Amino acid sequence: MALLDRVPRHLFTQRGWGMIAAGGAAVGAAYVMGRRDLLTLGVLLVVLPLVSLAGIRLVKPRFRVYREFTPSPVETSAPTTVRLAVARTGSGSGSATMEEQLPARFGESPAFRFPSRAATGGTSRYEYHLRSARRGQFLIGPVTAEFTDPFGLSLHRQAIDDGDILTVTPAAVVLPLTGLAGARGNDGVTATRIRANPSDDDVMTREYRHGDPMRRVHWAATARHGNLMVRQEESVTTPEATVIMDHRYAAYSGGSGSRPDGQAGPDGHPMASSGTFEWSVVAVMSISAHLAERNYALRLLDTRGGPAFLHSPSAPEPEAEEYIGAAGLQSIAESLAAIQLTGPRHTHRDNVLRPWAGRVNGASDPSALDAGPEAFDDLLMDKLSAHRMRGPVIAVLGILSRMEALALAPAAGYATNAFAVIVTEKPGEAAEVLEVLRQGGWRAVAVAPAVPVASAWSQFDQDVAVPAPSAEVRRGTGAAR
């Protein structure tokens, strides 16, 4: 049995194996009977399949494959249609059995015959559907083709393309209205003065100054005041919001392992995640969609003040921090598709929530040093200070130490409103951290990953109205209508 297991199974067809067996029997009979003609026949029967095998491997049929995903990228749990177009580019004819290689999570790989019955212009077209309950990037393909020689004796299987990446983004959930407008008022905008594109509906005047262009002279105001007056227009700016995303290993329970189902990325390596981090990813996507629908310009940072998606393999622009409109929301969704936990691959659950974690008597606590680069430091504060009072700051965090909470607390002073959501398996242990943040001006809550994102968001007060969604940006990946 061990010897049979080593025999390649895709070398010859049944006809080819039968011919080899017949040739072997003929050679054996020739040896017993002493018949040269029978020996010649036996050798011929054995050699023919071998020659056909060599020929099919030297002269391989060539194909071109086009693959299209609709939609692409696709949200979790939403179906996407895969369309394949396969065309023969080299010489040759005959049929082939083809199979699209899929990750195990998508089930059985689809198989089809080439050419198809509906082939046109030498191109065969196929279609099937995929759905993933988890975000990520998945290698779809390659297509493998198994074909035979013209005599049907030998087989050869080869990949005829490299496959394509399907990006599955986290789906946003609808969030209830809450107090986001703050100093910007109920319409979500603030006024600023500009010096171009005058408008009769939105105009102020001032006295003429040397160098002002004459086209800006407001003649009606000049007549009323008796002095030369010029337009000083007033317009509105896009409201801004900053989202701080925590993706540190040390902040999420279970962060030292891969996904529970062993999901791997396109490179075959497991994605570093956990249940609490997956909750945070959905929360960031939902909050971004919630704000983008209300015309907010978004800025996403990590806990150290750098770009939130700098280490995300799916990010279209890893170094970007600011996102605007439908295109910006689309970029956020794609960046969240394959984002992983970063930093040292171990946690200190018995340390991160203790009041004395971080520093003891002015000296560094060795266990706290293992948490990696310091979070909530001056770089983050400088980034927030540069956009002081331009809108809300929302932090989606894992578990924090008291020292980290003390470092983050002053950041609320740079925002019109400051919201913090801490996701942890044991929300009760975060009471002291929440109190520190609240004393600093944050509206902070701690939730378990079993709590729906919308329910966690509704825990914030609703005493300030939020503008109605804009027609320009839609939920999910932000596709414009």
Side-chain angles (χ1 to χ4, degrees), residues 75-78 105 131-136 168-178 243-263 270-291 303 308 332-333 336-342 345-354 394-401 404-405 408 419-438 442-462 475-476:
E75 292 183 348
T76 53
S77 299
R105 74 184 303 64
R131 186 192 305 263
S132 175
R134 289 190 178 274
R135 66 182 180 90
V168 181
T169 65
V173 299
V174 179
L175 301 181
L177 301 184
T178 186
V243 178
I244 300 174
M245 183 179 186
D246 190 355
H247 47 69
R248 300 170 297 155
Y249 265 101
Y252 291 92
S253 58
S256 58
S258 61
R259 291 181 180 272
D261 60 357
Q263 176 183 331
M271 287 183 61
S273 186
S274 68
T276 49
F277 184 61
E278 290 303 306
W279 192 97
S280 295
V281 170
V282 175
V284 170
M285 184 69 250
S286 303
I287 292 169
S288 299
H290 184 77
L291 297 175
T303 55
I332 291 173
L336 288 171
I339 193 169
Q340 306 179 55
L341 294 173
T342 59
R345 300 198 171 197
H346 47 270
T347 60
H348 300 281
R349 294 180 59 84
D350 59 341
N351 175 65
V352 291
L353 292 177
R354 292 206 309 262
I394 303 100
V396 181
L397 309 167
I399 49 180
L400 304 178
S401 68
E404 289 170 338
L408 176 61
F419 301 82
V421 181
I422 297 176
V423 54
T424 172
E425 297 286 355
K426 299 179 179 179
E429 295 183 356
E432 185 175 11
V433 169
L434 292 176
E435 183 60 27
V436 170
L437 292 176
R438 288 165 181 164
W442 289 82
R443 305 181 197 182
V445 297
V447 298
V451 176
V453 174
S455 298
W457 185 254
S458 67
Q459 295 185 37
F460 296 119
D461 63 65
Q462 303 182 24
R475 186 161 299 282

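One is the number of the first residue; the rest follow in order along the sequence. Note that the coordinates shown come from a computational prediction; the quantities given were computed from them, not determined experimentally.
- The two residues Ser77 and Ala133 make their nearest non-hydrogen contact at OG-CA, 3.9 Å.
- Only one option out of Ile244, Val284, Leu291 pairs with Ile394 in a side chain to side chain contact (heavy atoms under 4.5 Å, CB included); it is Leu291.
- Here the straight-line distance linking atom OG1 of Thr169 with atom CD of Glu75 works out to 5.0 Å at 0.5 Å rounding.
- You'll find the side chain of Leu408 reaches within 4.5 Å of the side chain of Leu397, heavy atoms only.
- The two residues Thr276 and Tyr252 have their closest heavy-atom pair at OG1-CD2, 3.3 Å.
- Applying the side-chain contact (heavy atoms from CB on, under 4.5 Å) criterion to Ala405, with sequence neighbours excluded, gives Val433, Val436, Leu437.
- Minimum heavy-atom separation, Ala448 to Pro427: N-CG, 3.6 Å.
- Of the possible polar contacts, none joining the Ser280 side chain to the Met245 backbone as a donor-acceptor pair under 3.5 Å is found.
- In this structure, the separation between CG on Leu175 and OG on Ser455 is 10.5 Å, given to the nearest 0.5 Å.
- Applying side chain to side chain contact (heavy atoms under 4.5 Å, CB included) to Arg135 and the options Val281, Val282, Leu336 leaves one that passes, Val281.
- In this structure, Pro449 and Glu278 have side chains that are not in contact, with every pair of non-hydrogen atoms separated by 4.5 Å or more.
- Within the 4.5 Å cutoff, side-chain heavy atoms of Val447 are placed close to those of Gln459.
- The two residues Ala454 and Val173 have their closest heavy-atom pair at N-CG2, 4.5 Å.
- Summarising the geometry of Ile339 relative to Ala308, their closest heavy-atom pair is CD1-O, 3.8 Å, with the distance given to 0.1 Å.
- Remark: the backbone N or O of Met271 is not paired with any side-chain donor or acceptor of Gln340 at under 3.5 angstrom.
- With respect to His290, the ring-ring contact (aromatic ring centres under 6.0 Å, His included) criterion is satisfied by exactly one of Phe460, Phe419, Trp457: Trp457.
- For the atom pair CG (Leu434) and CH2 (Trp442), the distance works out to 12.5 Å, reported to the nearest 0.5 Å.
- Taking all atoms of both residues into account, the shortest heavy-atom contact from Arg438 to Val445 is NH2-CA, 4.3 Å.
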Chi angles and distances behind the side chain to side chain contact (heavy atoms under 4.5 Å, CB included) call for Arg248, Glu404: CA-CA 13 Å; Arg248 300 170 297 155; Glu404 289 170 338; 2.9 Å; yes

